[in-house]
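Residue numbers begin at 1 in each chain, while the letters A, B, ... track the order of the sequences. Only this structure's heavy atoms are used, side chains among them; waters, hydrogens and symmetry mates stay out.
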There are 2 protein chains.
Amino acid sequence: MDTQNLSGLDLPEKEHKILEAAIKVFSEKGFSAATTSEIAKNAGIAEGTIFRYFKTKKDILRGILVHTINIISGKLVLSSIEKILAASDGKDVRTILKEVLYDRLKLVDSVFPMARVILTESLFHDDVREAIYQNIISPAVEMFKVFLAKAIERGMIRDDIDPEIVLRSIMGNAAVFIAQRKLFSDKFLMEDMDKELDKLIDVIMYGIAVKNPDYIKSDKDLT
Amino acid sequence: MDTQNLSGLDLPEKEHKILEAAIKVFSEKGFSAATTSEIAKNAGIAEGTIFRYFKTKKDILRGILVHTINIISGKLVLSSIEKILAASDGKDVRTILKEVLYDRLKLVDSVFPMARVILTESLFHDDVREAIYQNIISPAVEMFKVFLAKAIERGMIRDDIDPEIVLRSIMGNAAVFIAQRKLFSDKFLMEDMDKELDKLIDVIMYGIAVKNPDYIKSDKDLT
DNA sequence: AATTGTAGTGAGTACTCACTCATTTTTTTA
DNA sequence: TAAAAAAATGAGTGAGTACTCACTACAATT
(Lines give C-alpha, C1' and ligand atoms only; values in the text may rest on other atoms or scores of the structure.)
Protein backbone atom coordinates (compact mmCIF):
# COMPACT_ATOMS: atom_id res chain seq x y z
CA MET A 1 0.00 0.00 0.00
CA ASP A 2 1.36 3.39 -0.90
CA THR A 3 0.40 6.84 0.16
CA GLN A 4 -1.12 8.17 -3.04
CA ASN A 5 -3.06 5.11 -4.12
CA LEU A 6 -1.40 4.87 -7.49
CA SER A 7 -0.97 1.18 -7.00
CA GLY A 8 -2.34 -1.65 -9.00
CA LEU A 9 -2.11 -0.67 -12.61
CA ASP A 10 1.36 -2.08 -13.28
CA LEU A 11 3.23 1.11 -14.07
CA PRO A 12 7.03 1.10 -14.13
CA GLU A 13 8.27 2.04 -10.69
CA LYS A 14 9.92 5.26 -11.84
CA GLU A 15 6.86 6.45 -13.70
CA HIS A 16 4.84 5.72 -10.62
CA LYS A 17 7.17 7.80 -8.45
CA ILE A 18 7.07 10.69 -10.90
CA LEU A 19 3.28 10.71 -10.93
CA GLU A 20 3.13 10.65 -7.14
CA ALA A 21 5.57 13.53 -6.88
CA ALA A 22 3.76 15.48 -9.59
CA ILE A 23 0.41 15.08 -7.84
CA LYS A 24 1.96 16.50 -4.70
CA VAL A 25 3.62 19.47 -6.38
CA PHE A 26 0.73 20.24 -8.75
CA SER A 27 -1.80 20.26 -5.96
CA GLU A 28 0.33 22.60 -3.85
CA LYS A 29 1.27 25.10 -6.56
CA GLY A 30 -0.93 24.40 -9.52
CA PHE A 31 0.29 23.06 -12.85
CA SER A 32 1.82 26.26 -14.18
CA ALA A 33 3.72 27.28 -11.08
CA ALA A 34 5.04 23.78 -10.51
CA THR A 35 8.54 23.12 -11.83
CA THR A 36 9.89 19.92 -13.26
CA SER A 37 12.96 20.30 -11.08
CA GLU A 38 10.83 20.25 -7.94
CA ILE A 39 8.94 17.22 -9.18
CA ALA A 40 12.25 15.46 -9.80
CA LYS A 41 13.50 16.35 -6.33
CA ASN A 42 10.29 15.02 -4.78
CA ALA A 43 10.53 11.82 -6.78
CA GLY A 44 14.17 11.40 -5.78
CA ILE A 45 15.44 11.26 -9.35
CA ALA A 46 17.26 13.51 -11.80
CA GLU A 47 15.30 16.05 -13.77
CA GLY A 48 16.33 14.51 -17.06
CA THR A 49 14.82 11.16 -16.08
CA ILE A 50 11.37 12.69 -16.06
CA PHE A 51 11.62 13.25 -19.77
CA ARG A 52 12.40 9.61 -20.45
CA TYR A 53 8.93 8.77 -19.18
CA PHE A 54 6.98 11.87 -20.18
CA LYS A 55 7.69 13.85 -23.33
CA THR A 56 6.57 17.16 -21.80
CA LYS A 57 5.36 18.59 -18.53
CA LYS A 58 1.85 18.65 -19.92
CA ASP A 59 2.24 14.93 -20.53
CA ILE A 60 2.70 14.38 -16.81
CA LEU A 61 -0.66 16.05 -16.25
CA ARG A 62 -2.17 13.76 -18.86
CA GLY A 63 -0.60 10.83 -17.06
CA ILE A 64 -2.35 11.84 -13.85
CA LEU A 65 -5.59 12.27 -15.77
CA VAL A 66 -5.45 8.85 -17.37
CA HIS A 67 -4.50 7.23 -14.11
CA THR A 68 -7.36 8.88 -12.24
CA ILE A 69 -9.84 7.86 -14.91
CA ASN A 70 -8.54 4.31 -14.76
CA ILE A 71 -9.06 4.13 -11.03
CA ILE A 72 -12.48 5.74 -11.02
CA SER A 73 -13.91 3.85 -13.95
CA GLY A 74 -12.01 0.65 -13.26
CA LYS A 75 -13.87 -2.61 -12.80
CA LEU A 76 -13.23 -2.86 -9.09
CA VAL A 77 -14.84 0.45 -8.46
CA LEU A 78 -17.79 0.13 -10.76
CA SER A 79 -18.71 -3.30 -9.57
CA SER A 80 -19.02 -2.28 -5.97
CA ILE A 81 -21.83 0.11 -6.79
CA GLU A 82 -23.48 -2.41 -9.05
CA LYS A 83 -23.33 -4.92 -6.22
CA ILE A 84 -25.10 -2.48 -3.94
CA LEU A 85 -27.80 -1.86 -6.48
CA ALA A 86 -28.22 -5.53 -7.27
CA ALA A 87 -28.70 -6.35 -3.59
CA SER A 88 -31.02 -3.44 -3.08
CA ASP A 89 -34.35 -5.27 -3.18
CA GLY A 90 -36.29 -4.86 0.01
CA LYS A 91 -34.09 -2.16 1.46
CA ASP A 92 -35.40 1.38 1.73
CA VAL A 93 -33.86 4.25 -0.25
CA ARG A 94 -32.28 5.62 2.84
CA THR A 95 -30.20 2.51 3.39
CA ILE A 96 -29.29 2.17 -0.26
CA LEU A 97 -28.43 5.84 -0.56
CA LYS A 98 -26.24 5.56 2.48
CA GLU A 99 -24.40 2.57 1.09
CA VAL A 100 -23.91 4.25 -2.26
CA LEU A 101 -22.80 7.56 -0.73
CA TYR A 102 -20.46 5.81 1.66
CA ASP A 103 -18.95 3.86 -1.21
CA ARG A 104 -18.49 7.00 -3.31
CA LEU A 105 -17.06 8.99 -0.40
CA LYS A 106 -14.49 6.29 0.26
CA LEU A 107 -13.58 6.47 -3.42
CA VAL A 108 -13.27 10.25 -3.29
CA ASP A 109 -11.09 9.95 -0.22
CA SER A 110 -8.76 7.58 -1.99
CA VAL A 111 -8.37 9.63 -5.16
CA PHE A 112 -8.79 13.09 -3.71
CA PRO A 113 -5.29 14.49 -4.34
CA MET A 114 -5.25 13.52 -8.00
CA ALA A 115 -8.90 14.38 -8.54
CA ARG A 116 -8.23 17.80 -7.12
CA VAL A 117 -5.36 18.35 -9.53
CA ILE A 118 -7.24 17.39 -12.65
CA LEU A 119 -10.41 19.21 -11.63
CA THR A 120 -8.50 22.40 -10.97
CA GLU A 121 -6.58 22.18 -14.21
CA SER A 122 -9.73 21.33 -16.14
CA LEU A 123 -10.61 25.00 -15.70
CA PHE A 124 -7.70 25.95 -17.94
CA HIS A 125 -7.15 22.97 -20.25
CA ASP A 126 -9.97 22.14 -22.62
CA ASP A 127 -8.68 18.66 -23.34
CA VAL A 128 -8.59 17.77 -19.64
CA ARG A 129 -12.10 19.10 -19.12
CA GLU A 130 -13.42 17.15 -22.07
CA ALA A 131 -11.78 13.93 -20.89
CA ILE A 132 -13.20 14.32 -17.39
CA TYR A 133 -16.65 14.94 -18.76
CA GLN A 134 -16.57 11.98 -21.13
CA ASN A 135 -14.93 9.48 -18.80
CA ILE A 136 -16.13 10.41 -15.33
CA ILE A 137 -19.04 12.79 -15.14
CA SER A 138 -21.12 11.47 -17.98
CA PRO A 139 -20.94 7.79 -16.95
CA ALA A 140 -21.48 8.68 -13.30
CA VAL A 141 -24.60 10.64 -14.15
CA GLU A 142 -25.88 7.78 -16.29
CA MET A 143 -25.31 5.30 -13.50
CA PHE A 144 -27.07 7.49 -10.99
CA LYS A 145 -30.00 7.94 -13.33
CA VAL A 146 -30.47 4.19 -13.50
CA PHE A 147 -30.49 4.08 -9.72
CA LEU A 148 -32.99 6.91 -9.54
CA ALA A 149 -35.25 5.42 -12.17
CA LYS A 150 -35.43 2.22 -10.14
CA ALA A 151 -36.11 4.12 -6.94
CA ILE A 152 -38.84 6.22 -8.53
CA GLU A 153 -40.39 3.15 -10.09
CA ARG A 154 -40.63 1.56 -6.66
CA GLY A 155 -42.25 4.67 -5.24
CA MET A 156 -39.34 5.48 -3.01
CA ILE A 157 -38.55 8.87 -4.48
CA ARG A 158 -40.84 11.67 -5.60
CA ASP A 159 -41.93 11.43 -9.19
CA ASP A 160 -43.28 14.97 -9.38
CA ILE A 161 -39.86 16.55 -10.03
CA ASP A 162 -37.27 16.04 -12.74
CA PRO A 163 -34.72 13.34 -11.99
CA GLU A 164 -32.09 15.98 -12.88
CA ILE A 165 -33.21 18.01 -9.89
CA VAL A 166 -32.97 15.01 -7.61
CA LEU A 167 -29.54 14.26 -8.96
CA ARG A 168 -28.46 17.86 -8.50
CA SER A 169 -29.61 17.87 -4.93
CA ILE A 170 -27.73 14.71 -4.06
CA MET A 171 -24.63 15.94 -5.90
CA GLY A 172 -24.79 19.36 -4.34
CA ASN A 173 -25.17 18.10 -0.82
CA ALA A 174 -22.42 15.53 -1.31
CA ALA A 175 -20.11 18.12 -2.88
CA VAL A 176 -20.39 20.55 0.01
CA PHE A 177 -20.01 17.66 2.42
CA ILE A 178 -16.75 16.65 0.76
CA ALA A 179 -15.52 20.22 0.38
CA GLN A 180 -16.06 20.87 4.05
CA ARG A 181 -14.32 17.68 5.10
CA LYS A 182 -11.41 18.13 2.73
CA LEU A 183 -10.75 21.84 2.63
CA PHE A 184 -11.48 22.70 6.26
CA SER A 185 -10.71 19.23 7.47
CA ASP A 186 -9.16 19.90 10.88
CA LYS A 187 -12.53 19.88 12.54
CA PHE A 188 -13.88 16.66 11.07
CA LEU A 189 -13.00 13.24 12.33
CA MET A 190 -13.56 9.90 10.68
CA GLU A 191 -15.53 8.60 13.67
CA ASP A 192 -18.26 11.19 13.08
CA MET A 193 -18.56 10.03 9.50
CA ASP A 194 -21.47 7.69 10.16
CA LYS A 195 -23.52 10.18 12.11
CA GLU A 196 -22.71 12.90 9.60
CA LEU A 197 -23.83 10.72 6.73
CA ASP A 198 -27.14 10.05 8.47
CA LYS A 199 -27.76 13.76 8.82
CA LEU A 200 -26.76 14.37 5.22
CA ILE A 201 -29.14 11.75 3.93
CA ASP A 202 -31.90 12.94 6.18
CA VAL A 203 -31.78 16.42 4.72
CA ILE A 204 -31.49 15.13 1.17
CA MET A 205 -34.50 12.91 1.72
CA TYR A 206 -36.82 15.14 3.69
CA GLY A 207 -35.56 18.66 3.12
CA ILE A 208 -35.33 21.49 5.57
CA ALA A 209 -39.01 22.27 6.00
CA VAL A 210 -40.94 21.18 9.06
CA LYS A 211 -42.42 17.75 8.51
CA ASN A 212 -46.16 18.40 8.67
CA PRO A 213 -46.82 22.13 8.76
CA ASP A 214 -50.35 23.46 8.33
CA TYR A 215 -49.32 26.44 6.26
CA ILE A 216 -48.22 24.56 3.20
CA LYS A 217 -51.06 25.50 0.92
CA SER A 218 -50.61 23.71 -2.34
CA ASP A 219 -48.63 20.82 -3.63
CA LYS A 220 -48.76 21.93 -7.22
CA ASP A 221 -46.80 19.81 -9.64
CA LEU A 222 -43.50 21.51 -10.34
CA THR A 223 -42.25 19.25 -13.08
CA MET B 1 -22.33 50.33 -17.33
CA ASP B 2 -19.29 48.29 -18.17
CA THR B 3 -18.87 44.68 -19.01
CA GLN B 4 -17.03 43.46 -15.93
CA ASN B 5 -18.94 45.37 -13.29
CA LEU B 6 -15.89 47.02 -11.82
CA SER B 7 -17.73 50.27 -11.73
CA GLY B 8 -18.63 52.40 -8.80
CA LEU B 9 -15.67 52.45 -6.51
CA ASP B 10 -13.92 55.46 -8.07
CA LEU B 11 -10.75 53.79 -9.29
CA PRO B 12 -8.49 55.63 -11.71
CA GLU B 13 -9.55 54.75 -15.24
CA LYS B 14 -6.29 52.97 -16.09
CA GLU B 15 -6.27 50.91 -12.93
CA HIS B 16 -9.82 49.95 -13.74
CA LYS B 17 -8.86 48.85 -17.22
CA ILE B 18 -5.92 46.83 -15.93
CA LEU B 19 -8.11 44.99 -13.44
CA GLU B 20 -10.69 44.22 -16.11
CA ALA B 21 -8.04 42.87 -18.43
CA ALA B 22 -6.40 40.88 -15.65
CA ILE B 23 -9.70 39.26 -14.68
CA LYS B 24 -10.15 38.18 -18.26
CA VAL B 25 -6.64 36.77 -18.67
CA PHE B 26 -6.42 35.20 -15.20
CA SER B 27 -9.72 33.43 -15.61
CA GLU B 28 -8.71 32.02 -18.97
CA LYS B 29 -5.19 30.87 -18.10
CA GLY B 30 -4.88 31.02 -14.34
CA PHE B 31 -2.66 33.41 -12.44
CA SER B 32 0.65 31.67 -13.07
CA ALA B 33 0.24 31.06 -16.77
CA ALA B 34 -1.03 34.58 -17.40
CA THR B 35 1.58 37.07 -18.59
CA THR B 36 1.76 40.75 -17.82
CA SER B 37 2.34 41.44 -21.49
CA GLU B 38 -0.98 39.83 -22.39
CA ILE B 39 -2.76 41.77 -19.68
CA ALA B 40 -1.26 44.98 -21.07
CA LYS B 41 -2.37 44.08 -24.58
CA ASN B 42 -5.90 43.41 -23.36
CA ALA B 43 -5.98 46.66 -21.46
CA GLY B 44 -4.68 48.55 -24.49
CA ILE B 45 -1.70 50.00 -22.65
CA ALA B 46 2.04 49.48 -22.49
CA GLU B 47 3.39 46.74 -20.26
CA GLY B 48 5.36 49.25 -18.20
CA THR B 49 2.22 51.15 -17.30
CA ILE B 50 0.92 48.17 -15.34
CA PHE B 51 3.79 48.56 -12.90
CA ARG B 52 2.95 52.20 -12.22
CA TYR B 53 -0.33 51.01 -10.72
CA PHE B 54 0.67 47.64 -9.31
CA LYS B 55 4.05 46.90 -7.83
CA THR B 56 3.99 43.25 -8.87
CA LYS B 57 1.84 40.79 -10.75
CA LYS B 58 0.70 39.34 -7.44
CA ASP B 59 -0.44 42.83 -6.54
CA ILE B 60 -2.88 42.78 -9.45
CA LEU B 61 -4.42 39.64 -7.99
CA ARG B 62 -4.71 41.40 -4.64
CA GLY B 63 -6.37 44.30 -6.42
CA ILE B 64 -9.00 41.95 -7.83
CA LEU B 65 -9.45 40.39 -4.40
CA VAL B 66 -9.98 43.73 -2.66
CA HIS B 67 -12.32 44.90 -5.35
CA THR B 68 -14.42 41.75 -5.18
CA ILE B 69 -14.63 41.93 -1.40
CA ASN B 70 -15.69 45.56 -1.66
CA ILE B 71 -18.51 44.72 -4.01
CA ILE B 72 -19.74 41.68 -2.11
CA SER B 73 -19.56 43.17 1.36
CA GLY B 74 -20.40 46.70 0.25
CA LYS B 75 -23.34 48.49 1.81
CA LEU B 76 -25.49 48.31 -1.30
CA VAL B 77 -25.27 44.59 -1.42
CA LEU B 78 -25.68 43.84 2.24
CA SER B 79 -28.63 46.09 2.65
CA SER B 80 -30.70 44.38 0.00
CA ILE B 81 -30.67 41.13 1.94
CA GLU B 82 -31.36 42.93 5.18
CA LYS B 83 -34.32 44.58 3.53
CA ILE B 84 -35.69 41.23 2.49
CA LEU B 85 -35.31 39.85 5.98
CA ALA B 86 -36.80 42.93 7.59
CA ALA B 87 -39.88 42.72 5.38
CA SER B 88 -40.21 38.99 5.91
CA ASP B 89 -43.00 38.97 8.49
CA GLY B 90 -46.03 37.10 7.32
CA LYS B 91 -44.37 35.57 4.27
CA ASP B 92 -43.62 31.87 4.21
CA VAL B 93 -40.05 30.55 4.09
CA ARG B 94 -40.44 29.54 0.54
CA THR B 95 -41.08 33.09 -0.59
CA ILE B 96 -38.34 34.53 1.57
CA LEU B 97 -35.87 31.87 0.51
CA LYS B 98 -36.70 32.58 -3.11
CA GLU B 99 -36.16 36.29 -2.66
CA VAL B 100 -32.88 35.73 -0.86
CA LEU B 101 -31.61 33.17 -3.36
CA TYR B 102 -32.64 35.33 -6.28
CA ASP B 103 -30.82 38.28 -4.76
CA ARG B 104 -27.67 36.23 -4.14
CA LEU B 105 -27.77 34.65 -7.60
CA LYS B 106 -27.97 38.07 -9.20
CA LEU B 107 -24.97 39.05 -7.12
CA VAL B 108 -23.05 35.96 -8.16
CA ASP B 109 -23.91 36.67 -11.78
CA SER B 110 -22.51 40.16 -11.52
CA VAL B 111 -19.24 39.20 -9.85
CA PHE B 112 -18.76 35.76 -11.32
CA PRO B 113 -15.63 36.38 -13.40
CA MET B 114 -13.70 37.95 -10.56
CA ALA B 115 -15.07 35.57 -7.95
CA ARG B 116 -13.97 32.69 -10.09
CA VAL B 117 -10.44 34.06 -10.30
CA ILE B 118 -9.98 34.60 -6.60
CA LEU B 119 -11.64 31.32 -5.64
CA THR B 120 -9.41 29.40 -7.99
CA GLU B 121 -6.28 31.14 -6.81
CA SER B 122 -7.29 30.73 -3.17
CA LEU B 123 -6.32 27.10 -3.64
CA PHE B 124 -2.69 28.15 -4.06
CA HIS B 125 -2.31 31.42 -2.16
CA ASP B 126 -2.85 31.26 1.58
CA ASP B 127 -3.30 35.01 1.94
CA VAL B 128 -6.07 35.03 -0.66
CA ARG B 129 -7.82 32.11 0.99
CA GLU B 130 -7.64 33.72 4.39
CA ALA B 131 -9.01 37.03 3.08
CA ILE B 132 -11.91 35.30 1.36
CA TYR B 133 -12.76 33.39 4.49
CA GLN B 134 -12.62 36.43 6.76
CA ASN B 135 -14.36 38.88 4.46
CA ILE B 136 -16.85 36.82 2.51
CA ILE B 137 -17.55 33.34 3.80
CA SER B 138 -17.58 34.02 7.49
CA PRO B 139 -19.92 37.06 7.35
CA ALA B 140 -22.17 35.30 4.84
CA VAL B 141 -22.51 32.29 7.09
CA GLU B 142 -23.26 34.52 10.08
CA MET B 143 -25.94 36.38 8.16
CA PHE B 144 -27.54 33.16 7.01
CA LYS B 145 -27.54 31.81 10.54
CA VAL B 146 -29.51 34.81 11.72
CA PHE B 147 -32.02 34.17 8.97
CA LEU B 148 -32.26 30.50 9.88
CA ALA B 149 -32.61 31.18 13.58
CA LYS B 150 -35.58 33.43 12.83
CA ALA B 151 -37.14 30.87 10.54
CA ILE B 152 -36.70 28.05 13.03
CA GLU B 153 -38.10 30.22 15.81
CA ARG B 154 -41.22 30.78 13.75
CA GLY B 155 -41.58 27.08 13.12
CA MET B 156 -40.93 27.37 9.43
CA ILE B 157 -37.89 25.14 9.34
CA ARG B 158 -37.15 21.86 11.07
CA ASP B 159 -35.58 22.25 14.47
CA ASP B 160 -34.56 18.62 14.78
CA ILE B 161 -31.37 19.05 12.72
CA ASP B 162 -28.32 21.28 13.15
CA PRO B 163 -28.61 24.67 11.49
CA GLU B 164 -25.22 23.87 9.92
CA ILE B 165 -26.80 21.00 8.04
CA VAL B 166 -29.59 23.23 6.81
CA LEU B 167 -27.06 25.81 5.72
CA ARG B 168 -24.98 23.18 3.99
CA SER B 169 -27.98 21.89 2.10
CA ILE B 170 -28.94 25.33 0.85
CA MET B 171 -25.34 26.16 -0.05
CA GLY B 172 -24.79 22.84 -1.77
CA ASN B 173 -27.91 23.04 -3.87
CA ALA B 174 -27.20 26.65 -4.78
CA ALA B 175 -23.59 25.87 -5.62
CA VAL B 176 -24.44 23.10 -8.05
CA PHE B 177 -27.18 25.28 -9.52
CA ILE B 178 -24.65 28.04 -10.19
CA ALA B 179 -21.96 25.67 -11.40
CA GLN B 180 -24.35 24.12 -13.89
CA ARG B 181 -25.53 27.49 -15.16
CA LYS B 182 -22.06 28.98 -15.38
CA LEU B 183 -19.82 26.13 -16.46
CA PHE B 184 -22.19 24.36 -18.83
CA SER B 185 -24.18 27.47 -19.54
CA ASP B 186 -25.16 26.94 -23.19
CA LYS B 187 -28.22 24.99 -22.23
CA PHE B 188 -29.59 27.38 -19.64
CA LEU B 189 -31.54 30.48 -20.47
CA MET B 190 -32.40 33.38 -18.23
CA GLU B 191 -36.13 32.96 -18.87
CA ASP B 192 -36.13 29.58 -17.21
CA MET B 193 -34.55 31.11 -14.13
CA ASP B 194 -37.83 31.56 -12.27
CA LYS B 195 -39.11 28.07 -12.89
CA GLU B 196 -35.68 26.61 -12.11
CA LEU B 197 -35.56 28.50 -8.83
CA ASP B 198 -38.96 27.13 -7.84
CA LYS B 199 -37.76 23.59 -8.43
CA LEU B 200 -34.55 24.25 -6.56
CA ILE B 201 -36.38 25.60 -3.54
CA ASP B 202 -38.89 22.80 -3.65
CA VAL B 203 -36.19 20.18 -3.34
CA ILE B 204 -34.34 22.12 -0.67
CA MET B 205 -37.54 22.44 1.33
CA TYR B 206 -39.12 19.05 0.93
CA GLY B 207 -36.30 16.76 -0.15
CA ILE B 208 -36.41 13.97 -2.67
CA ALA B 209 -38.49 11.44 -0.74
CA VAL B 210 -42.11 10.81 -1.55
CA LYS B 211 -44.29 13.10 0.50
CA ASN B 212 -46.30 10.67 2.66
CA PRO B 213 -44.98 7.16 2.24
CA ASP B 214 -46.12 4.37 4.56
CA TYR B 215 -42.76 2.72 4.79
CA ILE B 216 -41.04 5.45 6.76
CA LYS B 217 -40.78 3.65 10.04
CA SER B 218 -39.26 6.05 12.51
CA ASP B 219 -38.66 9.74 12.78
CA LYS B 220 -35.91 9.46 15.31
CA ASP B 221 -34.22 12.71 16.27
CA LEU B 222 -31.03 13.04 14.30
CA THR B 223 -29.58 16.08 16.01
C1' DA C 1 8.69 81.06 -23.12
C1' DA C 2 10.88 78.41 -19.83
C1' DT C 3 10.48 75.19 -16.14
C1' DT C 4 8.62 71.74 -13.58
C1' DG C 5 5.66 67.73 -12.85
C1' DT C 6 3.28 63.67 -14.30
C1' DA C 7 1.66 59.79 -16.96
C1' DG C 8 2.98 56.62 -20.28
C1' DT C 9 6.21 54.00 -23.01
C1' DG C 10 8.76 49.81 -24.63
C1' DA C 11 13.43 48.17 -25.27
C1' DG C 12 16.46 46.27 -22.08
C1' DT C 13 17.89 43.20 -17.96
C1' DA C 14 18.36 39.60 -14.97
C1' DC C 15 16.54 35.46 -14.23
C1' DT C 16 13.72 31.15 -14.48
C1' DC C 17 12.23 27.10 -16.57
C1' DA C 18 11.18 23.18 -19.76
C1' DC C 19 13.70 20.41 -22.26
C1' DT C 20 18.34 18.32 -24.48
C1' DC C 21 22.32 15.56 -24.83
C1' DA C 22 27.05 14.09 -23.94
C1' DT C 23 28.61 11.45 -20.32
C1' DT C 24 28.40 8.11 -16.51
C1' DT C 25 26.29 4.21 -14.12
C1' DT C 26 23.76 0.09 -14.04
C1' DT C 27 21.89 -4.00 -16.07
C1' DT C 28 21.79 -7.58 -19.40
C1' DT C 29 23.85 -10.73 -22.36
C1' DA C 30 27.38 -13.81 -24.11
C1' DT D 1 34.26 -11.34 -16.91
C1' DA D 2 33.90 -8.45 -20.93
C1' DA D 3 31.12 -6.25 -24.13
C1' DA D 4 26.87 -4.24 -25.37
C1' DA D 5 22.61 -2.10 -24.24
C1' DA D 6 19.74 0.53 -21.47
C1' DA D 7 18.84 3.75 -17.93
C1' DA D 8 19.92 7.67 -15.40
C1' DT D 9 22.27 11.85 -14.83
C1' DG D 10 22.70 17.01 -14.43
C1' DA D 11 25.11 20.86 -16.61
C1' DG D 12 23.85 23.39 -20.48
C1' DT D 13 20.60 25.97 -23.76
C1' DG D 14 17.48 29.13 -25.50
C1' DA D 15 12.89 30.79 -25.23
C1' DG D 16 10.30 33.58 -22.57
C1' DT D 17 9.12 36.15 -18.17
C1' DA D 18 8.42 39.88 -14.55
C1' DC D 19 10.03 44.00 -13.77
C1' DT D 20 13.18 48.49 -14.64
C1' DC D 21 14.46 52.79 -16.34
C1' DA D 22 15.90 56.29 -19.53
C1' DC D 23 13.18 58.64 -22.27
C1' DT D 24 8.93 61.16 -24.62
C1' DA D 25 4.62 63.83 -24.59
C1' DC D 26 2.22 67.02 -22.79
C1' DA D 27 -0.09 69.87 -19.28
C1' DA D 28 0.26 73.18 -15.51
C1' DT D 29 2.75 76.83 -13.36
C1' DT D 30 5.77 80.78 -13.20
Give a yes or no on this: more than 12 heavy atoms of other residues, nucleotides or ligands lie within 6.0 Å of atom NZ of A:Lys58.
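More than 12 within 6.0 Å, yes.
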Using a cut-off of 6.0 Å, state whether more than 12 heavy atoms not belonging to B:Lys98 lie near its atom NZ.
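Count over threshold, so yes.
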Counting side-chain heavy atoms from CB outward, which of [options] is closest to [X]?
X       : options                : answer
B:Arg52 : D:dC19, D:dA8, C:dA7   : C:dA7
A:Ala46 : C:dC17, D:dT20, D:dG10 : D:dG10
A:Glu47 : C:dC19, D:dT17, D:dA7  : C:dC19
A:Phe51 : C:dT20, C:dT9, D:dC19  : C:dT20

Rounded to the Å, how far apart are [X] [atom1] and [N] [atom2]?
X       : N      : atom1 : atom2 : answer
B:Ile18 : C:dA7  : CD1   : P     : 13 Å
B:Lys29 : D:dA18 : NZ    : P     : 11 Å
B:Leu61 : D:dA18 : CG    : C1'   : 15 Å
B:His16 : C:dA7  : NE2   : P     : 19 Å
B:Ile50 : D:dT17 : CD1   : P     : 13 Å
A:Phe54 : C:dA18 : CZ    : P     : 15 Å
B:Lys17 : C:dA7  : NZ    : P     : 15 Å
A:Ile45 : D:dT9  : CD1   : P     : 6 Å

Side-chain N or O of [X] closer than 4.0 Å to phosphate OP1/OP2 of [N]:
X       : N      : result
B:Thr49 : C:dT9  : yes
B:Lys14 : C:dG8  : yes
B:Tyr53 : C:dA7  : no
A:Lys57 : C:dC19 : no
A:Thr36 : C:dC17 : no

Show the nearest heavy-atom pair for residues A:Ala22 and A:Ile64, with the distance to one decimal.
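Closest approach of A:Ala22 to A:Ile64, heavy atoms only: CB-CD1, 4.1 Å.
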Distance alone, cut at 3.5 Å: any donor-acceptor contact between the side chains of B:Ser37 and B:Glu47?
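Not at all, the side chains of B:Ser37 and B:Glu47 share no donor-acceptor pair under 3.5 Å.
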Begin from the C-alpha positions of A:Arg168 and A:Asp162 and carry the test salt bridge (Lys or Arg N to Asp or Glu O under 4.0 Å) through to its verdict.
CA-CA 10 Å; A:Arg168 207 163 64 188; A:Asp162 302 332; over 6 Å; no
Under 4.0 angstrom, heavy atoms only, what part of the nucleic acid is B:Ala34 near: base, sugar-phosphate, or nothing?
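Sugar-phosphate only.
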